[in-house]
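Worksheet: one structure, shown below.
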Protein chains: 2
Amino acid sequence: MGLMAAVPAPPSPSMAAPSAPPSDPLGDDLGWALGVLFRAYAKSSHAALSNVPGGPRGYQVLATAVRETPRTQLALAHQLGVDRTVMTYLLDDLEKAGLVTRQPDPADRRARRIVATDRGRERLRELDARLGEVEAHLLAGLPDAEQSTFRALLQRLAGHVNTADPMTDTCQAVAEIDAC
Amino acid sequence: MGLMAAVPAPPSPSMAAPSAPPSDPLGDDLGWALGVLFRAYAKSSHAALSNVPGGPRGYQVLATAVRETPRTQLALAHQLGVDRTVMTYLLDDLEKAGLVTRQPDPADRRARRIVATDRGRERLRELDARLGEVEAHLLAGLPDAEQSTFRALLQRLAGHVNTADPMTDTCQAVAEIDAC
DNA sequence: TATTGTTATACTCTATAACTATA
DNA sequence: TATAGTTATAGAGTATAACAATA
């Protein structure tokens, strides 16, 4: 049983991982492999997104602003799973960089709609191209056919995991833990 | 291009993730799926390891102490990819819990060899059982045959990624970034 | 009174540097 | 002088709470 390293909470991304799977006589090592792959992707995408204020999360905000109909800050925060106070900082920086603007919501004068600027749209195209390279490079160790297989299986798994109630599931899987 | 949420550095584990892949007209969404799966595993394993001081990293130290020949703190730190100062705190807690002991290195009086106690060995067995359940549950959305396929492909990918020089690779993948 | 967004404060975790003891 | 381990300090990043404007 491997377990990816440094799972819990890297405040500064301690993305270092064990260079070898902890001796696991029983065979496979899902946690370790998953952690290695995730960290590799996180590291590469972080580099690919050094262009965006806020890094990966700034990218997500920008992408949502470009691709979906304008949303309020709070809606954006919920959708992306970040705190609303963090969203404020993120938007401050993105707006300063001229990639998005805060516009008054005609229906609610408390709220602000986040819309991408032309510059933001253009920037997003660059970033998506870079991310495409990162993804391709991450899978480069596999022949094409197996890349497709892996992507498909991963997608299906993520769909299942995402659909299921996370907390219920966690407690089912680890029934003997009292904290649940 | 999805990109898992909150990639960079959750000081407190902001493990929240977008509940849906950012609209991606081009099809697949590797980053999002990888992030969802990783976070699900991180969350479940964190719960499964609430029993160990230091959480997932405490588990790794314990597992290494049990399964490999005794190592010095510094060797452990390098092997697991953590700072040596963090290793001190980790070992303080593990030793306080009676799971490992610091023993003098006969060859170097500066160094300490980390060895697991009987209690530590027993605890590790429990934890491995729990992690096994977590892994099984994570893959439960796939039929058995495809679980094996996924595990095998993931393992191969992790092997490749881990072998390649990470920094060189990152810069190759994102050639236009000056920071490299 | 409740809610959107902002600001200020405290907390968590990590990395940096300074210190002790050995080599 | 360099290294193993410890301790103290500062830093990055998040969450909590208090605040202003509006509903």
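Residue numbers begin at 1 in each chain, while the letters A, B, ... track the order of the sequences.
Separating the NE2 atom of His78(A) from the P atom of dG5(C) is a distance of 10 Å, rounded to the nearest angstrom. Across the protein-nucleic acid pair, Ile114(A) atom CD1 and dG5(C) atom C1' stand 10 Å apart, rounded to whole Å. As rounded to whole Å, 13 Å separates atom C1' of dG5(D) from atom CG of Leu76(B). Taking atom CG of residue Asp108(A) and atom C1' of nucleotide dA23(D), one finds them 7 Å apart after rounding to whole Å. Taking atom CG of Leu74(A) as the reference point, atom P of dG5(C) lies 6 Å away to the nearest angstrom.
In this structure, Arg112(A) and Arg110(B) both approach DNA chain C, and ranking their closest nucleotides by distance from the 5' end singles out Arg112(A).
Paired with Arg57(A) under the rule side chain to side chain contact (heavy atoms under 4.5 Å, CB included), one option of Val52(A), Val82(A), Leu62(A) passes, and it is Val82(A).
Within the 4.0 angstrom heavy-atom criterion, only backbone atoms of the sugar-phosphate kind lie near Arg102(A); the bases stay farther away. Here Asp105(A) lies out of heavy-atom contact (under 4.0 Å) with every strand.
At a threshold of 4.0 Å, the pair Arg151(B)-Glu135(B) counts as salt-bridged, since one of the basic side-chain nitrogens sits closer than that to a carboxylate oxygen. Salt-bridge annotation for Arg67(B) and Asp128(B): present, with a side-chain N of the basic residue lying under 4.0 Å from a carboxylate O of the acidic one. In this structure, Glu95(A) does not pair ionically with Arg112(A), as no charged nitrogen and carboxylate oxygen lie closer than 4.0 Å. Using a 4.0 Å cut-off between charged nitrogen and carboxylate oxygen, Asp118(A) and Arg123(A) do not count as a salt-bridge pair.
Residues from residues 83-94 of chain B that place a heavy atom under 4.0 Å from any atom of DNA chain C, listed by number: Asp83(B), Arg84(B), Thr85(B).
Contact between the side-chain N/O atoms of Arg57(B) and the OP1/OP2 oxygens of dT14(C) is found at a separation under 4.0 Å.
Contact annotation: the side chain of His46(B) approaches that of Pro56(B) to within less than 4.5 Å [non-hydrogen atoms, C-beta and beyond].
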